[in-house]
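Accompanying notes for the structure given below.
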Amino acid sequence: MLGLMQDQPLLISSLIDFADRHHGDAEIVSRRVEGDLHRYTWADVARRARQAAHALDGLSLAHGERVATLAWNGYRHLELYFAVSGSGRVLHTINPRLHPEQIAWIANHAEDQVLCFDMSFLPLVQAVHAKCSTIRQYVALCDADKLPADTGIPGLISYEAWIAGKPTTYTWPTFDENTASSMCYTSGTTGNPKAALYSHRSTILHAYAAALPDVMGISARDAILPVVPMFHVNAWGIPYSAALTGAKLVFPGPALDGKSVYELIEAEKVSYAAGVPTVWQMLLTHMKPAGLRFSTLKRTVIGGSACPPAMIAAFNDDYGVEVLHAWGMTEMSPLGTLCTLKNKHLNLPPDAQMQIRLKQGRCIYGVDMKIVGEDGKELPWDGKAFGDLLVKGPWVVREYFKGEGGDPLMYNEAGAGWFPTGDVATIDPDGYMQITDRSKDVIKSGGEWISSIDIENIAVAHPAVAMAACIGVAHPKWDERPILAVVKKPGMNLTRDELIAFYEGKAAKWQVPDDVVFVDAIPLGATGKMLKTKLREMLKDYRLPV
Ligand code: AMP
């Protein structure tokens with residue numbers, strides 16, 4: 001017997017309709033590429049998204065065709081989130097930090113038909129457009145009078161001219177909720193990137209889950225600053241969760257330095273922020289010497305790479321801001337786990353609470369996870385055994401766009417139905433997962449595994465260390481030994497021996513790095529993660545001290 005409830009597909013258009021009708025006056029504030037602040041409301045987003053949907057129809061784009069963006073976090077990008085997916089097309093957010101060759105490759109692979117870009121990416125588009133064989137319309141996200149006369153890009157039009165005069169009413173189409181809505185290519189640190197193709201259903205379920213109190217805890221009372229880019233896994237789904245809760249959104253545009261982010265947080269009374277550790281490091285580095293305080297910020301979600309305990313402590317103890325450590329990946333829309341305490345932890349001493357908080361957290365309803373050993377057998381949840389982390393759920397990829405690059409683990413008997421994350425983790429008896437490494441970054445020394453994340457976390461707790469990356473170097477006896485590449489904080493002195501001595505009592509002797517190499521910078525990938533492949537290349541002539 002079937003239930004007798006209304007059968008309404010979960011579609012992204014319903015989010016913008018809801019925000020318009022029930023939170024129409026909630027604000028959206030954007031720092032624009034032009035440098036000024038733009039301010040309007042959810043009702044304005046909805047109205048202009050409907051106009052943009054008409055503009056897309058005007059191009060005779062079929063349902064399912066891809067509309068790409070190369071854009072910072074801002075209001076026009078937000079309008080496209082709803083216009084493109086809501087009208088049945090697929091929003092393809094491209095990461096502008098990728099190499100131009102890779103951008104052209106991705107646009108061709110996705111068979112993008114339209115590319116909408118911020119003016120700061122005009123030189124990039126000028127450099128790649130001749131190689132993008134499928135794009136038939138270029139749209140510059142700017143006012144009509146800001147478009148330079150001769151850009152060399154055929155048919156280029158400004159977004160404002162494109163949507164101007166279009167009707168402000170639009171009937172969003174209804175279709176199967178499993179229809180594709182947006183896509184995002186993985187960082188692609190090895191080989192060509194692969195695309196996760198999200199659906200309306202997966203996006204809405206993820207948006208619901210992300211807003212839960214034990215997840216991102218988003219409400220109509222929040223002013224949210226997503227520093228995490230809208231070109232990387234839909235800014236962790238925040239634009240969608242904000243629409244379904246009516247939260248205020250504050251977009252930083254391209255200005256992600258500590259000073260700009262701090263000023264925006266204070267000026268717009270941001271209560272809630274989200275970003276990767278490197279961004280928060282810049283913010284803390286700006287605030288500390290100037291003795292600055294937050295007056296409204298209450299919580300910040302930190303994820304994308306391991307959040308060092310020193311950062312959690314700085315936010316928590318020095319600024320009274322709760323850190324929510326999150327873990328996920330492009331293939332998971334992206335949220336998988338988030339770290340909040342359970343009731344039984346509330347009376348624990350601060351040190352014991354910290355031990356929990358620095359883990360990547362527990363599963364969000366909708367995601368299931370397990371760890372398996374090399375034989376594919378499930379490992380115990382004892383907080384000690386570590387193995388390959390597998391996940392499943394309605395917002396986890398089943399396969400990649402165009403069926404590419406599937407991992408055999410997804411299909412063999414032990415892994416069937418589970419997505420292999422490529423991360424190595426422990427899970428404790430309360431279900432808190434802790435990433436020990438990417439499987440390819442684990443250091444194997446004398447038959448034991450050393451977690452590069454643990455070693456890095458200790459290093460960045462040293463007051464003179466700005467950034468640290470730990471990699472394994474071949475060793476004749478132990479197979480591999482860890483070494484540390486370290487960027488010093490400006491004006492700080494630190495020697496190799498001082499840093500090695502700092503590990504005393506913090507790590508087992510055999511886990512302590514054999515050497516420290518001071519570098520000017522650690523190579524970062526397009527999403528702000530440390531690129532260890534590049535670092536290994538940089539240090540290829542390095543020899544361990546005898
Ligand atoms: P991406 O798909 O580019 O977002 O990268 C996903 C990968 O980033 C994951 O598989 C992890 O290796 C890493 N990652 C994300 N969040 C965390 C975290 N909180 N701690 C450690 N690694 C993380």
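Counting starts at 1 for both ligands and their atoms, in listed order. Since the structure is predicted, the reported quantities are computational estimates derived from the model, not experimental observations. The first residue in the sequence is number 1, and the count goes up from there.
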Is the Tyr240 ring parallel, tilted or perpendicular to the Tyr81 ring (thresholds 30°, 60°)?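 Tilted: the ring planes of Tyr240 and Tyr81 meet at 30° to 60°.
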Under 4.0 Å from a heavy atom of [X]: give me the atoms of ligand 1 that qualify, with their elements.
| X | result |
| --- | --- |
| Arg438 | 9 (C), 10 (O), 12 (O) |
| Thr330 | 1 (P), 2 (O), 3 (O), 4 (O) |
| Gly304 | 8 (O), 13 (C), 14 (N), 15 (C), 16 (N), 17 (C), 23 (C) |

Considering non-hydrogen atoms only, spot the tightest contact between Ile302 and Phe315 and give its length.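 Residues Ile302 and Phe315, closest heavy atoms: CD1-CE1, 3.9 Å.
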Close N or O approach (Ala306, ligand 1; < 3.5 Å):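 Min N/O separation from ligand 1 is below 3.5 Å for Ala306.
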What do you reckon, does Val233 have a nitrogen or oxygen under 3.5 Å from a nitrogen or oxygen of ligand 1?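 Looking only at distances, the answer is no, because the N/O contact criterion of under 3.5 Å is not met.
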Would [X] and [Y] count as having a side-chain donor-acceptor pair, cut-off 3.5 Å?
| X | Y | answer |
| --- | --- | --- |
| Arg362 | Thr340 | yes |
| Ser452 | Asp437 | yes |
| Thr436 | Trp449 | no |
| Tyr198 | Asn234 | no |

Of all the heavy atoms in [X], does at least one lie under 4.0 Å from an atom in ligand 1?
| X | result |
| --- | --- |
| Gly328 | yes |
| Met332 | no |
| Asp423 | yes |
| Pro334 | no |

Please step through ring-ring contact (aromatic ring centres under 6.0 Å, His included) for the pair Tyr185 and His109, ending with a clear verdict. CA-CA 10 Å; Tyr185 280 73; His109 188 261; 5.7 Å; yes
Quick test of your reading of the structure: of Gly525, Pro193, Ala326, Gly361, whose heavy atom lies closest to atom 19 (N) of ligand 1?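 Answer by nearest heavy atom: Ala326.
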